[in-house]
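To keep things clear, I will list the structure first and then write my remarks on it.
The shown structure was predicted, so the numbers you read here are calculated from the model rather than taken from an experiment.
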Protein chains: 2
Amino acid sequence: MSLKYALLGLISKKPQTGYELYTTFKERMIYFWSSTHSQIYTELNKMEHEEWISSTYIYQEGSPNKKLYTITTKGEEYLLNWLLSDKIKPAKIKDEFLLRASAFHLLSEKEIIHLLDAIIEREQRVLEATRKWQHDNEQDEEFGIGDFVTAEYGVMYAEMYIKWCEKVRKEIRKRSRGN
Amino acid sequence: MSLKYALLGLISKKPQTGYELYTTFKERMIYFWSSTHSQIYTELNKMEHEEWISSTYIYQEGSPNKKLYTITTKGEEYLLNWLLSDKIKPAKIKDEFLLRASAFHLLSEKEIIHLLDAIIEREQRVLEATRKWQHDNEQDEEFGIGDFVTAEYGVMYAEMYIKWCEKVRKEIRKRSRGN
DNA sequence: TGCGCCATGTAAATTGTTACATGATTTA
DNA sequence: TAAATCATGTAACAATTTACATGGCGCA
């Protein structure tokens, strides 16, 4: 399982809390990885046991206390070993809309167009958010090569998705004119 | 969970066996859905209990016997209801290579290029296979709108992935010349 | 003679999701 | 004043993966 590598990769950039890692997952990594806070906290505790990371407890007034995790030498070695391994597992995707698309033979033109429009809108929002994030952060010294290439992927992925939706719309219109 | 809808969608096109469904998943739907044979067989049995599908046992000489599943009216209603529902869950993606890419700050130019080349090769194989499948089947009367649009997606997705890899390669070369 | 294909299943283990639990501060 | 944010965790449940189990046929 790769959640541990995902967490190690992020912590290797700078020490972080579980909450920060969780927000990074849901805000920035959604188009290539996903997880929930309950899974992240559990995994972080396991990883500390394995001594891939170490934590410092930070007392705060006003807001709740927190644990800051730092990667260890052992953790860095473990991560690097995985990064360089030859066996790269193929992506695992569960795309509900594509699944619906595969059953378009059961729907009318109107129904398909309605679904497509909703998805185009959704993807446009994702695209705008990614571009905004990229623009707001690219001058930041913390913005590294990994952030650059994955943000670029996010943009290309959303653009492709929208283009595909429009292609499908054209095809649907064409087919229903034909009937 | 949507595996049941995935199966219903496929069975709605024509009666199929668990084995046929399983091969469709691993050969054709990999870029938008994945499952294993053990999960598929279990799910099919549950779905028959729910009366969304019914089965006919087919005795064969030479090869093992099999069960052919057909969708019921109840199953069709259930599927259609899901197809038209407004809440379309966002795609859940676990892309190990993108995860590695997000940790590229830990690798050298040479190491990154090595990984990229392997992925480009992999994606080119996927792309060729999808195009071949599309070409070999588009004249088939069973090749419907769902097959058309999802195959198109597969092609666009793989093309985008390759373009992204090449963009990353250029960026990596640029950055290491800069140092 | 060993591997892959056809064909279906169960059991065990791991992963992932949702709900429960707490509680102060900030924002609408 | 209700919801969202910060912050961390556990428990129960659901989904998924890997291993176990069987066995004939065709191919190299």
Side-chain angles (χ1 to χ4, degrees), chain A residues 1-7 10-11 15-30 32-50 53-69 87 89-96 99, chain B residues 1-7 10-11 15-27 29-30 32-50 53 55-69 87 89-96 99:
Chain A
M1 206 265 316
S2 315
L3 175 59
K4 52 188 180 211
Y5 302 114
L7 295 168
L10 290 172
I11 301 169
Q16 288 178 73
T17 65
Y19 190 78
E20 284 175 292
L21 292 161
Y22 150 70
T23 53
T24 303
F25 271 98
K26 71 166 190 178
E27 283 163 18
R28 238 199 67 236
M29 291 169 73
I30 10 112
F32 68 91
W33 207 268
S34 60
S35 194
T36 53
H37 80 273
S38 67
Q39 206 184 358
I40 291 166
Y41 288 121
T42 316
E43 197 63 42
L44 285 169
N45 282 320
K46 277 188 207 162
M47 287 162 69
E48 194 176 11
H49 242 92
E50 298 281 345
I53 51 174
S54 63
S55 69
T56 321
Y57 200 78
I58 297 175
Y59 296 89
Q60 292 185 126
E61 285 171 54
S63 26
N65 300 328
K66 59 186 182 182
K67 272 160 87 180
L68 192 70
Y69 289 100
K87 279 164 209 153
K89 283 185 201 158
K92 238 165 243 156
I93 302 167
K94 295 277 168 91
D95 190 323
E96 223 195 73
L99 204 56
Chain B
M1 207 265 315
S2 316
L3 176 59
K4 53 188 178 209
Y5 302 114
L7 295 167
L10 291 171
I11 301 169
Q16 289 177 70
T17 65
Y19 191 78
E20 284 175 291
L21 293 161
Y22 150 71
T23 54
T24 303
F25 272 98
K26 69 166 191 180
E27 282 164 18
M29 292 169 72
I30 9 114
F32 68 92
W33 208 267
S34 60
S35 195
T36 52
H37 81 273
S38 66
Q39 205 184 0
I40 292 167
Y41 287 120
T42 315
E43 198 62 43
L44 286 170
N45 282 318
K46 277 187 208 164
M47 287 163 68
E48 194 175 11
H49 242 92
E50 298 281 343
I53 51 173
S55 70
T56 321
Y57 201 79
I58 297 174
Y59 296 88
Q60 292 186 125
E61 284 170 55
S63 26
N65 301 329
K66 59 186 181 183
K67 271 159 87 179
L68 193 70
Y69 289 99
K87 281 165 207 154
K89 284 187 199 157
K92 240 165 243 157
I93 302 166
K94 296 275 168 92
D95 189 323
E96 223 194 72
L99 204 55

Pairs under 3.5 angstrom, nitrogen or oxygen only, protein versus nucleotides 12-17 of chain D, please.
| residue | atom | partner | partner atom | Å |
| --- | --- | --- | --- | --- |
| D:dT16 | OP1 | A:Lys94 | NZ | 2.8 |
| D:dT16 | OP2 | B:Gln39 | NE2 | 2.5 |
| D:dT16 | O5' | B:Gln39 | NE2 | 3.3 |

Can you tell me the distance, in whole Å, between the [atom1] atom of [X] and the [atom2] atom of [N]?
| X | N | atom1 | atom2 | result |
| --- | --- | --- | --- | --- |
| B:Lys66 | D:dG23 | NZ | C1' | 17 Å |
| A:Glu27 | D:dT5 | CD | C1' | 11 Å |
| B:Tyr19 | D:dC25 | OH | C1' | 13 Å |
| A:Glu61 | D:dC6 | CD | C1' | 16 Å |
| B:Tyr41 | D:dT18 | OH | P | 18 Å |

Counting distance only, does the side-chain N/O of [X] pair as donor-acceptor with the main-chain N or O of [Y] below 3.5 Å?
| X | Y | value |
| --- | --- | --- |
| A:Thr42 | A:Ser38 | yes |
| A:Glu96 | B:Ser2 | no |
| B:Gln16 | B:Leu10 | yes |

Residue whose nearest DNA chain C nucleotide is more 5′ - A:Ser63 or B:Glu20:
B:Glu20

Hey, which of these two, A:Gly62 or B:Lys89, hits DNA chain C nearer its 5' end, going by closest nucleotide?
B:Lys89

Once side chain to side chain donor-acceptor pair (under 3.5 Å) is applied, do any residues pair with A:Glu20, and if so which ones, sequence neighbours excluded?
A:Thr17

Are any of the side-chain heavy atoms of [X] and [Y] separated by less than 4.5 Å?
| X | Y | answer |
| --- | --- | --- |
| A:Leu7 | A:Leu3 | yes |
| B:Asn45 | B:Lys67 | yes |
| B:Met29 | A:Leu99 | yes |

Taking only residues two or more places apart in sequence, or in another chain, which ones meet B:Tyr5 in a ring pair (Phe, Tyr, Trp, His ring centres under 6.0 Å)?
B:Tyr78, B:Trp82

Decide if atom OH of A:Tyr57 counts as having more than 12 heavy atoms of other residues, nucleotides or ligands within a radius under 6.0 Å.
yes

Where chain B begins and ends its contact with DNA chain C, read 5' to 3' at 4.0 Å from heavy atoms:
C:dC5 to C:dT17

List the residues meeting salt bridge (Lys or Arg N to Asp or Glu O under 4.0 Å) with B:Glu43, not counting sequence neighbours, and say none if there are none.
none

Evaluation steps, ring-ring contact (aromatic ring centres under 6.0 Å, His included), between B:Tyr22 and B:Tyr19:
CA-CA 5 Å; B:Tyr22 150 71; B:Tyr19 191 78; 5.7 Å; yes

Five pairs at each end of the helix from C:dT1-D:dA28 to C:dA28-D:dT1: take the axis at both ends and give me the angle between them to 10°.
50°

